[in-house]
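Read the structure below first, then the notes.
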Amino acid sequence: MTFTKLRTRHIPAMRAEVQEYEDAVTGARHIHLASDDPELVFLVGFPTVPDASDGRAHILEHLALCGSDRYPVRDPFFSMLRRSTAHFMNAMTYSDKTVYPFASTDKTDFFNLLEVYLDAAFFPRLDYLDFLQEGWRLAVEDGKLAYHGVVFNEMKGAFADPMRALDSGIGASLLKGTTYEYESGGDPLDIPALTHAALKEFHATHYHPSQAVFMTAGRIDAREVQAVIEERVLSRLSNRQSGGRLLPQLAPAWTAPKAVTVNIPGLEHGVQITWLMGESVDPESYYHAQLLEAGLLSNSAAPLAYAMESAGFGRPSALNGADTGIRQILFHLGMEGLTKEQVGAARKCIWSALEKTAKSGVPESLLQATLRDIRFGQREISGGHMPHALKQLLRAIPHEMYGGDIMNGFDHEDILERLQQRIADPAFFKGLVQTLLDSPTRLDTTVVPDSEYFSKREKIENERLAQLQASLDDGDKDRLRSEAAALLERQRQPVNNDVLPRIRPQDVSPLPRPALPLPMTEDGRITVSIPSNGIAYGRVMYDVSDMPQADWPWLQLYVDVLSELGMGDKSYEDADAWRHDQVPFFDVNLQAMQVQQASDAGAALRIDVDFYAKGLSEEKAAIADVLSQSIRGARFDEHERLAFLIDSMVQDMRNGLAEEGDSYARLAATAPVSPLRHFDEQIKGASALPFYGSLHQKSQTPEGLAEIAGRLAELHQRIVGRKPVIVAAGIDNDGEQLAALLDLPEPAANAPQEKSGSKQTPAPLALAKAALHAPAQVNHCFAAWQVPGVGHPDAPALAVLGEILTNLVLHQALREEGGAYGGQAGYNPSIGAFVMMSYRDPRLAATYEDFARAIHWVANADLKQENIEEAIICVIQDLDKPRSPYAEVIWSLNQRRQGITEEMRRRYRQGVLHCDAERIKAAAAAWLQDKPYSRAAFVGNTGQDLSGLDIADLMALAG
């Protein structure tokens with residue numbers, strides 16, 4: 001073994017041990033987080049520090065997954081997505097590093113993927129044709145040159161975010177001379193400058209064991225992983241690169257502040273003040289920045305948050321706070337939603353509040369709560385899309401990449417204890433604020449909206465293409481035609497994946513993991529003991545399923561504003577500060593689900609208003625108190641605050657139309673075929689935009705505000721006058737104790753009960769045929785069919801069919817040939833819909849043609865057993881994805897509420913595992929082929945062929 005163990009450290013809060021290893025020859029590092037977690041996690045990371053905005057790091061990430069020495073197939077990454085039971089596989093390019101992570105609960109599968117990932121990272125083929133497909137290429141469309149490429153189109157979509165443009169503009173000035181000056185993902189105007197040779201050179205200098213950090217987590221022996229690394233990588237790359245690990249440069253300090261102007265897409269002016277602070281892997285600098293953010297911005301009573309929210313104009317910038325994701329910490333304070341005339345006043349508002357805070361400080365309780373929140377975040381076993389252990393590794397990896405101490409990435413209790421003492425001195429926080437005021441390395445940015453932002457970029461692109469076309473000689477044209485033909489031929493070649501390892505259906509459990517038993521008491525309490533690592537959870541849920549559709553957007557407004565308003569005798573800022581002092585997390589949500597019913601009864605909706613709080617086990621009384629007082633004491637009489645909240649959410653909605661375009665299109669397409677998506681579309685889709693536009697107009701007058709406040713107060717009484725369901729969980733008897741501490745309003749005598757509350761079955765809607773438009777450079781296309789739910793005999797075949805169409809038709813047609821960032825088909829049993837979609841797509845009409853072709857393809861396709869088995873594994877991946885202990889509680893509750901029994905789950909899984917070509921074809925014929933379907937697309941440019949879709953202007957809908 002060439003890896004030497006350097007240190008170990010037990011981390012009690014994480015119930016894990018950090019093990020640090022290094023290879024003496026190459027300097028390669030291995031960090032293992034040993035625990036009893038059944039999730040086995042791996043990543044390999046490299047510093048990637050480009051000196052141009054041509055996207056070389058990002059395009060290299062894509063090409064590394066397109067075939068390697070041992071696995072010379074066209075697309076091993078996407079092939080392994082269907083030959084593995086891994087519940088997470090990805091690759092991510094950050095501003096200064098690239099990581100390749102995966103997670104699986106099966107040890108054989110883990111080592112299968114380890115071999116593939118190592119070969120992909122260190123020995124990729126970097127084929128020129130893959131460069132043309134994934135990066136960029138020139139193509140001829142209707143006699144004109146055009147740029148194509150997956151990353152090229154992905155980044156066109158990414159540039160729809162105004163905050164990205166602002167962040168990039170700030171980085172270009174404040175971090176000039178460092179890699180952060182450049183757009184690591186690639187600027188579409190600069191991507192065509194990248195050559196294939198430059199990409200290969202970038203790999204040679206950056207992807208080497210001397211630069212690499214390997215990280216693993218879970219119930220696995222680090223030596224087993226190291227043995228594979230040594231055999232597959234270090235035996236071939238046994239030298240050490242000169243100069244050591246590549247580090248992002250440090251920006252030089254300034255002698256005086258500077259000012260710049262940054263243009264962003266949108267309609268609103270803004271101001272942003274940004275400071276360059278210490279290094280993010282220096283624990284003192286890091287936690288000082290966290291305390292500054294919390295002290296100034298953490299709740300509505302925090303001095304900077306209060307000053308900006310009560311200014312009478314604008315709102316706090318979405319960029320505000322500490323950015324610790326790069327080598328040097330940036331600290332942002334700014335306002336958005338301004339007119340040009342308000343910019344100076346906003347700047348003065350921020351600066352005056354800072355000066356005042358430097359003199360008066362903040363309550364110690366606020367800073368104590370911040371340290372508690374940090375400890376809470378370390379202890380909580382979080383759920384979500386990304387595995388919990390992978391989140392821990394990604395939080396720690398900067399300490400490897402920036403030359404810090406890796407142990408500080410996992411264990412920070414020593415410095416937290418020191419800070420606990422220091423914050424008791426009021427001068428400590430005042431000094432942090434004064435440091436901001438005195439710092440010369442400060443950038444003052446005036447944010448200017450540019451309504452022609454995208455058209456200007458498109459004009460630059462078209463002018464360059466026109467110049468290129470004018471300069472092409474016959475040899476150039478022949479080369480482009482030859483390259484296009486070679487790429488298309490390669491894309492359409494049958495792929496033989498025999499060299500890749502695989503998990504087969506017979507290798508997985510034939511039975512589903514059982515749901516948790518959740519007995520409910522007579523008074524509606526569900527209490528559960530879970531291995532929560534000392535975290536307690538409380539939920540109070542009110543069934544509002546019987547409320548009419550006209551109330552739905554009001555319910556969404558209610559949950560959005562309740563926690564931002566006053567409570568009992570507390571004003572909104574006092575209530576927010578009090579909650580922050582009491583618990584790390586409180587929220588109110590609107591939850592809906594589609595309930596399984598008899599096949600002739602249609603699907604019904606279950607809708608709940610959900611009050612949710614969590615904290616450390618010793619904070620059970622505080623959790624109960626926050627829930628009880630928030631429910632009992634909610635008030636809606638702070639009209640000026642309500643107007644501010646409505647203005648902020650409406651302006652954010654209008655500014656985010658392009659960025660959220662895929663969501664609007666998804667909901668518009670699926671609303672006619674699914675009651676749940678109809679509900680979602682009414683509260684946060686295009687149908688909700690007129691409601692918020694009208695709401696905004698009403699909020700401009702005292703009479704309108706009084707009407708809104710009255711409607712919310714009346715709605716609150718209707719909600720809390722019902723009998724709630726209480727869900728409380730934690731270690732041992734935490735759940736029982738927490739539930740017993742709740743003090744909730746008594747239900748009204750005629751309130752609907754949990755078992756008898758009526759569930760709505762919305763009337764069918766006309767199928768959509770919509771082109772939802774906002775200025776952008778890409779499209780998002782959706783098509784949706786109404787199909788049965790999980791209890792139907794055809795459900796398993798529909799699930800496998802979705803994976804078949806993705807794997808064998810749509811991935812190639814939409815991504816490889818069409819250039820979309822993503823494209824797939826899928827069956828969603830929870831909404832009773834079969835959906836095809838594309839994401840960040842340069843095409844529209846051709847994409848819908850590909851959707852139709854995919855449906856007709858399956859009727860006559862020769863479905864090979866291997867392809868069917870790969871599709872089955874894809875479905876099983878989703879069924880078997882691990883959940884955090886508390887997420888398992890909520891999932892089990894939702895299964896019961898949706899009417900999904902253990903027997904239904906067993907039949908569904910068995911149907912998936914034994915699916916065959918005959919069942920797949922029969923399901924396609926019964927539900928998809930020649931059947932009416934719903935279509936909606938987000939359209940960035942209405943001048944293209946819209947495939948018969950009717951244009952709907954999202955900005956006009958939003959008022």
Side-chain angles (χ1 to χ4, degrees), residues 1-37 39-47 96-103 110-111 114 117-118 121-122 207-234 237-238 240-241 244-248 279-284 286-287 324 327 378-379 387-416:
M1 301 292 286
T2 64
F3 280 95
T4 300
K5 181 184 283 188
L6 304 181
R7 287 183 295 172
T8 64
R9 184 179 297 180
H10 180 62
I11 315 291
M14 298 171 66
R15 297 185 302 174
E17 180 182 81
V18 181
Q19 301 170 0
E20 179 186 13
Y21 301 86
E22 185 173 297
D23 172 43
V25 178
T26 64
R29 304 266 293 165
H30 178 207
I31 309 300
H32 179 55
L33 188 64
S35 72
D36 288 332
D37 193 334
E39 284 189 290
L40 309 178
V41 178
F42 169 86
L43 72 79
V44 58
F46 305 93
D96 54 19
K97 57 186 171 290
T98 303
V99 297
Y100 296 85
F102 68 81
F110 175 88
F111 280 100
L114 179 62
Y117 264 63
L118 291 176
F122 290 97
Y207 282 45
H208 186 274
S210 297
Q211 305 297 331
V213 54
F214 304 95
M215 303 184 85
T216 49
R219 195 185 302 160
I220 196 166
D221 186 346
R223 294 295 188 183
E224 291 185 71
V225 177
Q226 292 164 8
V228 178
I229 295 171
E230 289 165 4
E231 178 184 1
R232 297 303 185 190
V233 178
L234 302 186
L237 297 172
S238 57
R240 183 189 286 261
Q241 285 183 330
R245 176 168 290 148
L246 296 166
L247 289 174
E279 294 194 47
S280 57
V281 296
D282 170 46
E284 185 168 285
Y286 178 87
Y287 285 112
T324 58
R327 187 175 179 189
Q378 186 180 35
R379 193 188 295 183
H388 174 66
L390 178 56
K391 294 176 187 176
Q392 294 172 315
L393 297 183
L394 290 175
R395 279 197 294 263
I397 198 172
H399 292 266
E400 280 294 311
M401 293 297 181
Y402 307 150
D405 182 346
I406 188 59
M407 294 301 174
N408 289 332
F410 296 103
D411 185 11
H412 37 228
E413 188 55 36
D414 286 350
I415 189 169
L416 293 181

Side-chain donor/acceptor of Glu39 to backbone N/O of Ala103, under 3.5 Å:
no

Is a side-chain donor or acceptor of Glu230 paired with a backbone partner of Val225 at a separation under 3.5 angstrom?
no

Looking at Gln241 and Gln211, would you say the former's side chain and the latter's main chain have a donor-acceptor pair under 3.5 Å?
no

Would you give the length of the straight line joining atom CG of Asp411 to atom CD of Gln378, rounded to the nearest 0.5 angstrom?
6.5 Å

Is any side-chain heavy atom of Phe410 closer than 4.5 Å to a side-chain heavy atom of Leu393?
yes

Return the CD to NE2 distance between Glu279 and His399, rounded to the nearest 0.5 Å.
11.5 Å

Minimal non-hydrogen separation, Ser238 against Val25, with atom names:
O-CG1, 2.8 Å

Below 4.0 angstrom, N of the basic side chain to O of the carboxylate: do Arg29 and Glu20 qualify?
yes

Met401: which of Val213, Leu247, Asp96 passes side chain to side chain contact (heavy atoms under 4.5 Å, CB included):
Val213

Got Ile406 and Arg7 here, is their nearest side-chain heavy-atom distance under 4.5 Å?
yes

Within-4.5 Å side-chain heavy-atom neighbours: Phe111 and Leu40:
no

What's the spacing between Phe110 CZ and Thr216 OG1 if we round to 0.5 Å?
6.0 Å

Quick one: CZ on Arg223 to NE2 on His30, what's the gap to the nearest 0.5 Å?
10.0 Å

Could you tell me if the side chain of Ile11 sits less than 4.5 Å from the side chain of Gln392, heavy atoms only?
no

The reported gap from CZ in Phe102 to CG in Leu114 (rounded to nearest 0.5 angstrom) is 5.0 Å

Atom of Lys5, atom of Thr8 and distance for their closest heavy-atom approach
CD-CG2, 3.6 Å

Measure from the side-chain N and O atoms of His32 to the backbone N and O of Tyr21, and report whether any donor-acceptor pair falls under 3.5 Å.
no

Please give me the minimum heavy-atom distance between Gln19 and Ala34, naming the atom from each residue.
NE2-CB, 3.7 Å

Does the side chain of Tyr117 reach to within under 4.5 Å of the side chain of Leu43, using non-hydrogen atoms?
no

Could you tell me which non-hydrogen atom of Ala121 sits nearest to which non-hydrogen atom of Tyr207, and how far apart they are?
O-CD2, 3.2 Å

Rounded to the nearest 0.5 Å, how far does CD of Glu231 lie from CD of Gln226?
14.0 Å

Which pair of heavy atoms, one from Pro209 and one from Leu234, lies closest together, and at what distance?
CB-CD2, 3.7 Å

Please test Ile415 against Tyr286 for side-chain contact (heavy atoms from CB on, under 4.5 Å), starting from the C-alpha separation and ending with a verdict.
CA-CA 11 Å; Ile415 189 169; Tyr286 178 87; over 6 Å; no

Which atoms form the tightest heavy-atom contact between Pro101 and Leu390, and what is the distance?
CB-CD1, 3.7 Å

Side chain proximity check, Val99 to Leu394, heavy atoms < 4.5 angstrom
yes

Can you find a heavy atom in the side chain of Ile397 that is under 4.5 Å from one in the side chain of Met215?
yes

Side-chain heavy atoms of Val18 within contact of Met407, under 4.5 Å
yes

Below 6.0 angstrom between ring centroids: does that apply to Phe42 and Tyr100?
no

